[in-house]
Protein chains: 2
Amino acid sequence: MSKYLSRSVQDYLKAIYSMAQHKAGLIQTTEIADRLTTSPASVTDMIKKLAAKDLVDYTPYKGVKLTKPGLKVATELIRSHRLWEVFLVEKLGYDWGDVHEIAEQLEHVVSDDLTDRLAAFLGHPSYDPHGDPIPDAQGRYRLSNRVLLSQLPRVDGLVKVQGLKTHTQDFTQYLDQLGIVLGTQLDLQGINAFDKSIRAQIAGTDLLIPASIASNLYVSTIQ
Amino acid sequence: MSKYLSRSVQDYLKAIYSMAQHKAGLIQTTEIADRLTTSPASVTDMIKKLAAKDLVDYTPYKGVKLTKPGLKVATELIRSHRLWEVFLVEKLGYDWGDVHEIAEQLEHVVSDDLTDRLAAFLGHPSYDPHGDPIPDAQGRYRLSNRVLLSQLPRVDGLVKVQGLKTHTQDFTQYLDQLGIVLGTQLDLQGINAFDKSIRAQIAGTDLLIPASIASNLYVSTIQ
DNA sequence: ATCAATAATTAGACATGTCTAAATATCTTT
DNA sequence: AAAGATATTTAGACATGTCTAATTATTGAT
Ligand SMILES: [Mn+2]
Ligand SMILES: [Mn+2]
Ligand SMILES: [Mn+2]
Ligand SMILES: [Mn+2]
């Protein structure tokens with residue numbers, strides 16, 4: 001049983017992991033293909049290789065699920081990715097919208113203790129620049145009690161921006177434009193039934209948050 | 001003309017660059033094969049691809065030489081590699097013998113401005129942990145006037161350790177064992193004609209430096 | 001100048017990861 | 001339950017980078 005995993009293998013595991021966070025049950029071929037912008041045929045090919053390495057459980061025509069070892073690899077990658085993102089923002093001064101692609105590469109650097117040393121250097125941060133939790137060396141992490149702005153039971157009162165569901169530059173630039181960053185406090189005024197857009201105030205200034213944003217923004221209520 | 005260069009292509013360019021530093025004229029197929037631990041046949045294959053991309057000038061049966069664009073790519077890689085080595089030693093606390101392999105991976109991360117930001121974060125260092133010069137953003141660097149200990153005209157008086165010719169762990173561990181680090185001052189006592197080993201003192205303590213070490217250690221004389 | 005040793009190239013193969021097009025399985029609707 | 005729509009897999013191909021074995025070129029010694 002070899003220990004080396006190619007960059008492609010790693011990216012597949014990470015994709016499956018992330019998709020499983022947002023959905024119960026098996027992850028389907030087409031979902032993975034969409035996520036990684038490849039063909040379903042390529043995904044089937046790769047899935048077989050992952051199953052042969054015992055990194056996923058594969059039910060043909062149904063989908064896959066990470067095994068214990070597969071989950072471990074994915075978690076380590078997520079940890080590395082998010083720590084590098086913190087490094088890029090905190091130490092190198094990058095904007096939060098510019099770090100994902102670089103971390104996408106840095107996460108694959110293999111070394112016994114690089115990730116742990118990086119974590120120590122950064123002061124063992126618990127969240128990345130997009131509000132996503134950083135697993136510790138044992139793979140444990142705690143999700144802050146956050147919910148998508150679009151799924152709040154009552155659109156009323158103060159909430160705090162806790163994270164992003166998507167990390168594309170299109171999205172972060174949109175947020176920059178609206179003046180929303182991690183930690184921003186929104187004073188919710190109500191929801192427009194017509195298009196589900198949300199009325200809010202930031203520091204007293206009125207703001208209209210489109211549904212496309214609300215469904216990708218995690219917030220926590222402030223009691 | 002595509003801009004993307006694979007990791008393999010990059011490693012070949014870097015290898016050719018380094019070999020050209022220690023030797024005049026064309027770099028031969030076999031030399032590259034030895035350096036990268038591959039077969040001469042593979043090197044010939046790759047050389048043709050490099051030549052097709054105008055990264056080397058190739059004379060069949062004779063050897064290769066980097067072109068201007070090839071030299072630029074190689075220099076940027078060297079710059080990135082050495083900056084990462086500084087980061088790993090200065091910020092993450094690695095030993096100088098442990099950073100080469102990790103930097104070998106980090107150097108390939110592609111981004112417009114990552115290298116420049118890293119350089120700024122590190123305070124624009126001029127030398128890496130092994131004493132090798134770090135090219136600036138324009139590819140310029142200055143070699144300190146150093147010479148291999150084995151090639152000193154007179155083995156006598158004070159010299160300062162300025163760098164290593166090889167960076168293998170076998171070598172750095174050997175140096176650690178002898179108590180030699182970058183900047184160590186050696187008080188040279190003479191050379192043993194029998195095996196070219198060198199007698200020296202470090203801070204008053206006697207030390208015998210084998211020829212195998214002397215031929216891989218750069219020093220500068222202290223007037 | 002010729003021959004043997006050395007160096008380099010070519011031929012043919014393989015592994016990995018990807019693709020398109022065709023075939024097959026599953027799901028959804030009537 | 002059958003048909004059509006959708007999802008998945010298979011077949012066959014290609015690009016990249018590597019290898020061994022065979023062939024060819026160059027070099028060095030007599
Ligand atoms: Mn990646
Ligand atoms: Mn992130
Ligand atoms: Mn490398
Ligand atoms: Mn170095």
Side-chain angles (χ1 to χ4, degrees), chain A residues 1-16 19-20 23-65 70 73-74 77 104-105 107-108 110, chain B residues 1-16 19-20 23-65 70 73-74 77 104-105 107-108 110:
Chain A
M1 184 119 336
S2 71
K3 193 131 192 274
Y4 168 80
L5 299 177
S6 73
R7 178 167 171 173
S8 281
V9 165
Q10 293 180 37
D11 280 335
Y12 272 90
L13 293 176
K14 207 157 57 85
I16 295 167
M19 287 182 281
K23 179 203 169 181
L26 299 179
I27 306 300
Q28 293 171 291
T29 301
T30 311
E31 295 178 276
I32 301 173
D34 287 348
R35 170 67 167 256
L36 297 178
T37 331
T38 53
S39 70
S42 301
V43 174
T44 301
D45 289 344
M46 177 58 89
I47 277 176
K48 289 187 201 156
K49 291 170 195 164
L50 297 180
K53 288 185 203 290
D54 192 37
L55 295 166
V56 298
D57 288 326
Y58 172 40
T59 312
Y61 291 100
K62 296 303 164 84
V64 293
K65 182 184 178 311
V73 173
L77 284 166
E104 201 60 43
Q105 302 174 63
E107 70 191 2
H108 301 290
V110 302
Chain B
M1 185 119 333
S2 71
K3 191 127 191 276
Y4 168 80
L5 298 177
S6 73
R7 177 165 172 175
S8 282
V9 164
Q10 292 179 38
D11 280 334
Y12 272 90
L13 293 176
K14 207 157 57 86
I16 295 166
M19 288 183 278
K23 179 204 169 180
L26 298 181
I27 306 300
Q28 294 170 292
T29 301
T30 313
E31 295 177 276
I32 300 173
D34 288 347
R35 170 66 167 255
L36 296 178
T37 332
T38 52
S39 70
S42 300
V43 174
T44 301
D45 288 344
M46 178 58 89
I47 277 175
K48 289 186 201 157
K49 292 169 194 163
L50 298 179
K53 288 185 204 289
D54 192 36
L55 295 165
V56 299
D57 286 327
Y58 172 41
T59 314
Y61 291 101
K62 296 303 163 86
V64 294
K65 183 183 178 309
V73 172
L77 283 165
E104 201 61 43
Q105 301 174 64
E107 70 190 1
H108 301 291
V110 302

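Lettering of chains follows the sequences in order, A, B, ..., and the numbering in each one begins at 1. Predicted model only: the values in this text are computed from it and were never measured.
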Of all residues at least two apart in sequence or in a different chain, which pass the side-chain contact (heavy atoms from CB on, under 4.5 Å) check with [X]?
| X | answer |
| --- | --- |
| Ala20(B) | Ile27(B) |
| Glu107(A) | Asp11(A), Lys14(A), Leu77(A), Ser80(A), His81(A), Glu104(A) |
| Gln105(A) | Arg7(A), Val109(B), Val110(B) |

Lys65(A): partners by salt bridge (charged side-chain N to carboxylate O under 4.0 Å, His left out), with sequence neighbours left out: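 Expected list: none.
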Qualifying residues under salt bridge (charged side-chain N to carboxylate O under 4.0 Å, His left out), relative to Lys62(A), sequence neighbours excluded: none
Minimum side-chain heavy-atom gap Met46(B)-Ile32(B) below 4.5 Å: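 Sidechains of Ile32(B) and Met46(B): no contact.
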Quick one: [X] [atom1] to [N] [atom2], roughly how many Å, whole number?
| X | N | atom1 | atom2 | value |
| --- | --- | --- | --- | --- |
| Ile32(A) | dT8(D) | CD1 | C1' | 12 Å |
| Lys48(B) | dT9(C) | NZ | P | 8 Å |
| Leu36(A) | dT18(C) | CG | P | 9 Å |
| Ile27(B) | dA7(C) | CD1 | P | 15 Å |

Please enumerate all protein N or O atoms sitting under 3.5 Å from an N or O of nucleotides 14-17 of chain C, with distances to 0.1 Å.
from, atom 1, to, atom 2, distance (Å)
dG17(C), OP1, Ser6(A), OG, 2.4

Residues in side-chain hydrogen bond (donor to acceptor under 3.5 Å, both in side chains) with Ser39(B), at least two apart?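 Ser39(B) satisfies side-chain hydrogen bond (donor to acceptor under 3.5 Å, both in side chains) with Ser42(B) only.
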Base, sugar-phosphate or nothing for Thr44(A)? Non-hydrogen atoms, less than 4.0 Å. base
Please check the phosphate of dA7(C) (OP1 and OP2 only) for any side-chain N or O of Gln28(B) closer than 4.0 Å.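 So the side chain of Gln28(B) is outside the cut-off, no N or O lying under 4.0 Å from OP1 or OP2 of dA7(C).
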Write out all pairs satisfying salt bridge (charged side-chain N to carboxylate O under 4.0 Å, His left out) with one or both partners inside residues 23-49 of chain B, taking only residues at least two apart or from two chains.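 Passing the test, one end in residues 23-49 of chain B: Lys23(B)-Glu31(B).
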Protein-to-nucleotide contact annotation, 5' to 3' order, nucleotides 19-28 of chain D [B base; S sugar-phosphate only; - none; under 4.0 Å, heavy atom]: BBB---SSS-
